[in-house]
Amino acid sequence: MLDEIFEQTKENMQKAIDALKRDFATLRTGKVTTGIVDNIKIDYYGTMTALNQVGNVIATDATTISITPWEKSLLPAIEKAIQEANIGVNPNNDGDFIKLFFPPMTSEQRQEIVKQAKGMTEHAKVSIRNVRKDGNDKVKKLEKDKEISEDESKKAQEQIQKLTDEHVVKVDEAFKIKEADILKV
């Protein structure tokens with residue numbers, strides 16, 4: 001029973017780290033990536049659809065993203081969605097595709113993005129702590145229902161705390177890597 005709780009706790013903590021890495025992919029670093037537009041959705045025949053599902057999205061160089069829709073009729077909708085997403089650039093529509101030209105980042109912009117990354121990191125830590133609380137609550141319930149002893153409960157809670165500490169360290173390491181990437185000129 002306890003092994004099941006440990007496994008589920010570990011799995012959920014890993015999910016928090018995976019979510020953090022997905023969030024980090026949307027942040028701009030010195031070199032643009034298509035991840036910047038991953039969260040942009042357009043109205044595709046009444047359904048909100050991800051931008052990469054309605055056309056090709058590629059980073060043509062370190063400062064440019066090119067979006068080629070599969071249907072030219074989608075160009076205005078894509079252009080509007082990009083403007084509303086407020087990603088820091090205006091779309092350039094030439095009738096066939098849309099290009100996004102990202103100017104080099106200023107040091108203030110880099111610091112602002114590092115702040116966003118810190119916020120994402122804190123959110124991941126809170127998620128991990130919530131998973132720890134859930135795991136501990138399950139262990140305490142087993143103890144209360146007399147399925148495990150008090151000693152086993154203490155050991156199990158220590159084990160869950162160890163898992164929590166390990167995952168918080170992983171989150172901090174991911175942040176340090178992302179911070180270095182953002183601040184690299």
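Scope of the values below: all heavy atoms of this structure, side chains included, with no hydrogens, waters or symmetry mates. These figures come from a predicted structure and were not determined experimentally.
- The shortest heavy-atom contact between Ala16 and Ile128 is CB-CG1, 3.9 Å.
- Considering CD1 of Ile78 and CD1 of Ile42, their distance stands at 4.5 Å, rounded to 0.5 Å.
- When only modelled atom types and interatomic distance are considered, Ser153 and Gln157 share a side-chain donor-acceptor pair under 3.5 Å.
- Annotation for Ile17 and Lys170: closest pair CD1-CB, 3.6 Å, computed over non-hydrogen atoms.
- Taken from CD in Gln111 to CD in Gln109, the straight-line distance is 11.5 Å, to the nearest 0.5 Å.
- Side-chain contact between Arg132 and Met13: present, with at least one pair of heavy atoms (C-beta onward) separated by less than 4.5 Å.
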Give the C-alpha distance, both sets of side-chain angles, the deciding distance and a yes or no for side chain to side chain contact (heavy atoms under 4.5 Å, CB included) between Ile65 and Phe102. CA-CA 8 Å; Ile65 292 178; Phe102 291 85; 3.8 Å; yes
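- Salt bridge annotation for Lys162-Glu158: absent, with no cationic side-chain nitrogen under 4.0 angstrom from a carboxylate oxygen.
- Cluster membership for Val32 and Met105, using ILVMFWY side-chain heavy atoms within less than 4.5 angstrom, is not shared.
- Between the NZ atom of Lys72 and the CG atom of Asn93 there is a distance of 10.5 Å, given to the nearest 0.5 Å.
- Counting only N and O atoms by type, the side chains of Lys138 and Gln8 include a donor and acceptor under 3.5 Å apart.
- Closest heavy-atom contact between Gly135 and Thr9: CA-OG1, 3.9 Å.
- Arg110 places a side-chain N or O within donor-acceptor distance of the main-chain N or O of Ile182, the cut-off being under 3.5 Å.
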For Lys118 and Glu122, run salt bridge (charged side-chain N to carboxylate O under 4.0 Å, His left out): C-alpha distance rounded to whole Å, both residues' side-chain angles, the deciding distance at 0.1 Å, then the answer. CA-CA 6 Å; Lys118 269 187 186 151; Glu122 285 308 309; over 6 Å; no
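- A salt bridge links Lys133 with Asp137: at least one charged nitrogen is closer than 4.0 Å to a carboxylate oxygen.
- A 4.5 Å side-chain heavy-atom check between Thr26 and Met120 finds at least one atom pair inside the cut-off.
- Considering every non-hydrogen atom in both Ser73 and Pro76, the closest pair reads O-CD, 3.5 Å.
- Salt bridge Asp94/Lys99: absent, no basic N to carboxylate O contact under 4.0 Å.
- For the pair Tyr44 and Leu74, the minimum side-chain heavy-atom distance is below 4.5 Å.
- You'll find the side chain of Val89 stays beyond 4.5 Å of the side chain of Phe101, heavy atoms only.
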Candidate pair Ile87 and Val37, rule side chain to side chain contact (heavy atoms under 4.5 Å, CB included), full reasoning: CA-CA 8 Å; Ile87 56 174; Val37 296; 4.0 Å; yes
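- Proximity of Ile160 to Val131: side-chain heavy atoms (C-beta onward) are nowhere separated by under 4.5 Å.
- Cluster annotation: Val171 and Val126 are assigned to distinct hydrophobic clusters (Ile/Leu/Val/Met/Phe/Trp/Tyr, side-chain heavy-atom contacts under 4.5 Å, transitive).
- The closest side-chain heavy-atom distance from Val139 to Ile5 is below 4.5 Å.
- Between Arg22 and Asp18 there is no salt bridge, since none of the side-chain N atoms of the basic residue sits less than 4.0 Å from a carboxylate O of the acidic one.
- Atom CG of Asn12 sits about 10.0 Å away from atom NE2 of His167, to the nearest 0.5 Å.
- Under the 4.5 Å side-chain criterion, counting only non-hydrogen atoms from C-beta, Glu71 is in contact with Tyr45.
- With Asp145 contributing its side chain and Glu147 its backbone, the two residues share no donor-acceptor pair below 3.5 Å.
- A side-chain N or O of Asp61 and one of Thr64 form a donor-acceptor pair less than 3.5 Å apart.
- Going from atom CD of Glu7 over to atom CD of Glu4 covers 9.5 Å, rounded to the nearest 0.5 Å.
- Closest non-hydrogen pair, Ile82 versus Leu100, comes out as CG2-CD2, 3.8 Å.
- The hydrophobic clustering, which links ILVMFWY residues whose side-chain heavy atoms are closer than 4.5 Å, places Leu27 and Ile40 apart.
- Here the shortest heavy-atom pairing between Thr60 and Ser66 reads CG2-CB, 3.7 Å.
- Lys125 and Asp172 are joined by a salt bridge, as a carboxylate oxygen and a charged side-chain nitrogen come within less than 4.0 angstrom of each other.
- Taking NZ of Lys178 as the reference point, atom CD1 of Ile113 lies at 9.0 Å (rounded to 0.5 Å).
- Side-chain contact between Phe24 and Thr121 is present, with at least one heavy-atom pair separated by less than 4.5 Å.
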